[in-house]
Each structure stands twice: as C-alpha cells, then as structure tokens.
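Below you'll find the structure, written out as structure tokens, and then a few comments.
The structure presented is a predicted model; accordingly, all values stated were derived computationally and were not measured. In this chain, numbering begins with 1 at the start of the sequence shown.
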Amino acid sequence: VSLQSSLGVALVLLTGVGVATSQISDVRTRSELLGVGVWTGVAMFIAAWLVNLIQQPLSLSHQLYWIWIDASLALGTGLVAGSFVQAALPVIENVFKVTTAMTLKELNDASHPLLRRLAQEAPGTYQHSLRLADIVEAAAAAIGANALLCKVGAMYHDVGKINKPLYFIENQSDGINRHSKLSPAMSLLIIVGHVKDGLEMAREYHLPAPLRHFIESHHGTTLVEYFYHAARKQSDAQNSPAPEEFEFRYPGPNPQTKEAAILMLGDTLESAVRSLDEPSPSRIEQLVHTLANKRLTDGQFHECNLTLQELHKIEESMVKTLCAMFHGRI
C-alpha cells in the first residue's frame, strides 16, 4: 500500500514472505538459511510468471521475454535476501536480543572457551552436564518445547562451579570432603555462590540471555537440604535457636519458561538417581515421580506455563532416559 504497487506485485511479495517464514522455524545451519533464500526465490519466480500471464496481454511482441526478466528478478530477490540475512544475522541477534538455533549450535561446540574450562577445571561437573543435556533434550522434545535450547542450557548451567570445583561432590575424586571442616552456613555460601559466579562468567563470555536464565533459575528457590539439616543438628547440639528454612534457600528466580523448568527437574533427578544403590526401573520411576511432585508443591513451577499433563510427559521421558543411562550390567 505504501509503495502504491499493483496487486500482482503484492501477491509475489506475499508468496516470498510466506514461503520464507514457513521454513525458518528450525533452521540450524548457515547453509540451511541460504537454502531458505533459494526456495523463496523459486516460489517468487513461479508467482511472477503466473501473475504476469494473468495480467499482461501476450499479443504484444517480446512479452514473454519481459515476463521471463520479471520472474528472474524475483528469483534473484530471494537469493539476495537469503545471503543478506545470513551476513546480517549476528547483528540482528545482538540488536533484538534473539538467540537462533545456529547460535545455540555454535555455543554447544565443545571447543567453546567456557566449555573447555569446565571440562578441564571441573571434569565431574562437565560429565554431569553431558548426561543432563541428553535427559532434558528428550524431555523437551516430548512436550514440543525447544529441545536444542534445553540441551545447550544444560551444558552451561553449572559453569559457576569452575571457581571452587572441589567443593562439589562430583569433582571430589580424591575422596576428601572440603565441607567437613566448614560450618553449614559457610558451606551454604559456597554452594549457593556457584549461581552468582555462573552469571558473572556468562556475562564475561557474552552468553545470550536465555542461557543466563538457565544458570540463575536451575535451583530456583529450593532448599539446600543437606546443610539445612546439618545446621539444625548443630543448633540442637549447642542448644541455640534453630535456623529458619528461608535462610538455606537459593535466591532464585524460579523458572520462567518450560525449558528452564525441565532443566531444574532434570538436574535434581540426574544427581538423585546416581545416589541410588540399585537404580532399577521401578525405583527410578518412583524417585522421578516423588521429586517432580516435591518441586511442584514447593512452588518451583508456578511462574512458568507448564501444565500437569506436560509434567507427566516429562516424567515419562526422564524415566526412560535415566533407565537407559543406569541400566544393569552382567
């Protein structure tokens, strides 16, 4: 309307826009993006031919030649648009704070500097993140959430443990527990501090906002139960007032998206199942259901739009993946 063009031009442009947008929902590589431009150009080429054949009188000399020129220009428009978007996409992502699947795949590369640091300085945490990535990716796919975002979020959610890796049990290969010489309150500060440290690292390495949300919300406002009960025992032994529960909770926020909620539950379950003496399918299923209900009743899922039906599907998917990971051997 603003260009005061004909209905034929509008139809050609709408065809190009429709074909392009129908293909870009799950573009994961730069070559696929260029392919979208190619198919958009082909669609506009066909639309231009049809529109011109309807509108133009073919009795004029060289009319088919000019229709061919118009259609070829439409084809070139699609190719140029695909190439332009491919080159401009990083700038578009930064300006509009959008994280595409292509960026997520690049961040999921094991050669990323932050992931290399995690693998070298906190190898136990890195292995935990790898297992968790498989768990949450399958669970997200089961409810139609963004599986790739979940997978990459799992790889970065615990990067804050790089600062003090030996204070987390998955990295204590020497069997020495550093918390045995600390008070429960001091241990709490170290454990909770990995969330803040992770956010600082995420900003340092320019991780996008959706990944930073996984870091800050993967514990929500849950209770650090081990050190809370240790503090209660200590206060009972010293006849001092018992600590309040809120003092031993993570600062939050709670998950704001389905993907973040899936990661929170998967993080809890991956650690819990590893602590089982005999992780049989029935025991895994019971543990998954118990911990999912515990997070639900604790209000951890109140701020995301996760339904009970979706939570049930997530449980089923996680049970299946965990049983595959911790299957029995002869």
Worksheet item: Donor-acceptor pair, Ser317 side chain versus Ile314 backbone, under 3.5 Å?
Response: no
Worksheet item: Okay, side chain of Asn94, backbone of Pro90: is any donor-acceptor separation there less than 3.5 Å?
Response: yes
Fill in: Results of side chain to side chain donor-acceptor pair (under 3.5 Å) for Asn108 - residues two or more places apart only
none
Practice prompt. Just jot down the side chain to side chain contact (heavy atoms under 4.5 Å, CB included) partners of Phe246, sequence neighbours excluded, or say none.
Written response: Glu244
Fill in: Donor-acceptor contact below 3.5 Å, side chain Gln23 vs main chain Val19
yes
Fill in: Ring centre gap for His157 and His194 strictly below 6.0 Å
no
Practice prompt. May I ask you to check whether Asp158 and Thr125 show a side-chain donor-acceptor distance below 3.5 Å?
Written response: no
Discussion item. Is there a side chain to side chain contact (heavy atoms under 4.5 Å, CB included) between His219 and Asp267? Walk through the geometry before answering.
Written reply: CA-CA 9 Å; His219 286 296; Asp267 187 33; 3.7 Å; yes
Worksheet item: In this structure, are over 12 heavy atoms from other groups packed under 6.0 Å from Gln238 atom CD?
Response: yes
Worksheet item: Between Pro243 and Ser235, is any pair of side-chain heavy atoms under 4.5 Å apart?
Response: yes
Worksheet item: With a cut-off of 6.0 Å (strictly less than), are more than 12 heavy atoms of other residues, nucleotides or ligands near OH of Tyr226?
Response: no
Item to complete: Could you check whether the rings of Trp49 and Trp68 sit parallel, tilted or perpendicular, using 30° and 60° as the cut-offs?
Response: perpendicular
Worksheet item: Does the side chain of Pro281 reach to within under 4.5 Å of the side chain of Val319, using non-hydrogen atoms?
Response: no
Item to complete: Flag the pair Ile92 / Thr100 as yes when at least one side-chain heavy-atom distance between them is below 4.5 Å, and no otherwise.
Response: no
Worksheet item: Is a side-chain donor-acceptor pair under 3.5 Å present for Gln300 with Thr221?
Response: yes
Worksheet, complete the sentence: Between the CG atom in Leu263 and the OG1 atom in Thr268, the distance rounded to the nearest 0.5 Å is 9.0 Å
Item to complete: Return yes if a side-chain donor-acceptor contact under 3.5 Å exists between Glu270 and His128, otherwise no.
Response: yes
Fill in: Donor-acceptor side-chain pairing of Glu93 and Thr99 below 3.5 angstrom
no
Between side-chain atoms of residues 285-292 and protein atoms elsewhere (two or more places apart, or another chain), which donor-acceptor pairs fall under 3.5 Å?
{"residue": "His289", "atom": "ND1", "partner": "Glu315", "partner atom": "OE1", "Å": "3.0"}
{"residue": "His289", "atom": "NE2", "partner": "Asn293", "partner atom": "ND2", "Å": "3.0"}
{"residue": "Thr290", "atom": "OG1", "partner": "Gln286", "partner atom": "O", "Å": "2.8"}

Worksheet item: Quick one: CD1 on Ile191 to NZ on Lys164, what's the gap to the nearest 0.5 Å?
Response: 10.5 Å
Fill in: Full working for salt bridge (Lys or Arg N to Asp or Glu O under 4.0 Å) between Glu170 and Arg274
CA-CA 10 Å; Glu170 67 266 26; Arg274 276 193 290 117; 5.5 Å; no
Worksheet entry | Tyr156 and His112 aromatic centres sub-6.0 Å | yes
Discussion item. Rounded at 0.5 Å granularity, tell me how far CH2 in Trp39 sits from CG in Leu79.
Written reply: 12.0 Å
Practice prompt. Please confirm whether the backbone N or O of Gly220 pairs with a side-chain atom of Ser217, one donor and one acceptor, at under 3.5 Å?
Written response: no
Fill in: Greater than 12 external heavy atoms within 6.0 Å of Ile169's CD1
no
Discussion item. Counting C-beta onward and ignoring hydrogens, is there a side-chain heavy-atom pair between Leu207 and Leu114 closer than 4.5 Å?
Written reply: yes
Item to complete: Report the distance from atom CZ of Arg203 to atom CG of Leu199, rounding to the nearest 0.5 Å.
Response: 5.0 Å
Worksheet item: Out of curiosity, Leu75 CG to Ile46 CD1, how far, rounded to the nearest 0.5 Å?
Response: 10.0 Å
Practice prompt. Using modelled atom types only, decide if a donor and an acceptor are shared between the side chain of His218 and the backbone of Ile215 within a distance under 3.5 Å.
Written response: yes
Discussion item. Is it the case that the side chain of Gln172 and the backbone of Leu166 share a donor-acceptor pair, with hydrogens and angles ignored and the cut-off at 3.5 Å?
Written reply: yes
Worksheet item: Can you find a heavy atom in the side chain of Met318 that is under 4.5 Å from one in the side chain of Ile262?
Response: yes
Worksheet item: Should the pair Phe227 and His179 be assigned to parallel (<30°), tilted (30 to 60°) or perpendicular (>60°) ring geometry?
Response: tilted
Discussion item. Tell me whether the count of non-hydrogen atoms from other residues, nucleotides or ligands lying under 6.0 Å of NZ in Lys151 goes above 12.
Written reply: no
Fill in: Within 6.0 angstrom of Glu204 CD, more than 12 heavy atoms from elsewhere
yes
Worksheet item: Between Arg178 and Tyr167, is there a donor-acceptor pair closer than 3.5 Å when you use the side chain of the first and the backbone of the second?
Response: no
Worksheet item: Side-chain contact, heavy-atom cut-off 4.5 Å: Pro255 with Glu303?
Response: no
Worksheet item: Is there a side-chain contact between Ile143 and Leu311 (heavy atoms, below 4.5 Å)?
Response: no
Item to complete: For Arg232, look at atom CZ and say whether over 12 heavy atoms of other residues, nucleotides or ligands are found less than 6.0 Å away.
Response: no
Worksheet item: Given the rule in the salt bridge (Lys or Arg N to Asp or Glu O under 4.0 Å) test, do Asp298 and Arg249 qualify, once you have shown the distances and angles that lead to the verdict?
Response: CA-CA 12 Å; Asp298 194 30; Arg249 284 186 175 271; 3.2 Å; yes
Practice prompt. Report the distance from atom CD of Glu278 to atom CD1 of Ile284, rounding to the nearest 0.5 Å.
Written response: 11.5 Å
Discussion item. Are the side chains of Met155 and Phe214 in contact, using a 4.5 Å heavy-atom criterion?
Written reply: no
